[in-house]
> 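Okay, here's the structure, questions in a sec.
No experiment lies behind these values; they were computed from the predicted model shown. Side chains included, hydrogens not; waters and symmetry mates left out as well; all remaining heavy atoms used.
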Amino acid sequence: MPKNWSEKDERQYEHIKQSELERGESEERAEEIAARTVNKQRREEGRTAESADTTHTGSTKDG
């Protein structure tokens, strides 16, 4: 478990991983999907160094 993850995060990770394995994903892919999902949730809740408010995904062109 990553050091900043709570026990809730770990339970969520295991649940998502198991669900992905049942859907037929490989172990590696299931782990990736689960980790990305938990980390996204943590970002949205502001529990990471770089929260969702500070990330930029769109273009910044001035017109």
> Mind checking side chain to side chain donor-acceptor pair (under 3.5 Å) for E20 and listing every partner two or more places apart, or none if nothing turns up?
R23
> Just to verify, what does R29 make a side chain to side chain contact (heavy atoms under 4.5 Å, CB included) with, not counting sequence neighbours?
E25, S26, E32, I33
> Run the side chain to side chain contact (heavy atoms under 4.5 Å, CB included) check on R42 and N39 step by step: do they pass?
CA-CA 5 Å; R42 292 182 71 243; N39 286 330; 4.1 Å; yes
> Who are the salt bridge (Lys or Arg N to Asp or Glu O under 4.0 Å) partners of E28, not counting sequence neighbours?
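E28 satisfies salt bridge (Lys or Arg N to Asp or Glu O under 4.0 Å) with no residue once adjacent residues are dropped.
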> Among residues at least two apart in sequence or on other chains, which ones pass side chain to side chain donor-acceptor pair (under 3.5 Å) with S6?
D9
> Side chain to side chain contact (heavy atoms under 4.5 Å, CB included) for E27 and E31? Distances and angles first, verdict last.
CA-CA 6 Å; E27 178 92 12; E31 290 174 352; 3.2 Å; yes
> Name all pairs fulfilling the ring pair (Phe, Tyr, Trp, His ring centres under 6.0 Å) condition that reach into residues 16-40, sequence neighbours left out, sorted by first residue then second.
none
> Residues two or more places apart in sequence or in another chain: which of them pass side chain to side chain donor-acceptor pair (under 3.5 Å) with E45?
Q41, R47
> Could you tell me which residues satisfy side chain to side chain contact (heavy atoms under 4.5 Å, CB included) with E10, sequence neighbours excluded, listed by chain and number?
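Side chain to side chain contact (heavy atoms under 4.5 Å, CB included) list for E10, sorted by chain: M1, W5, Y13, E14.
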> Which residues satisfy the side chain to side chain contact (heavy atoms under 4.5 Å, CB included) test with E7, sequence neighbours excluded?
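R11.
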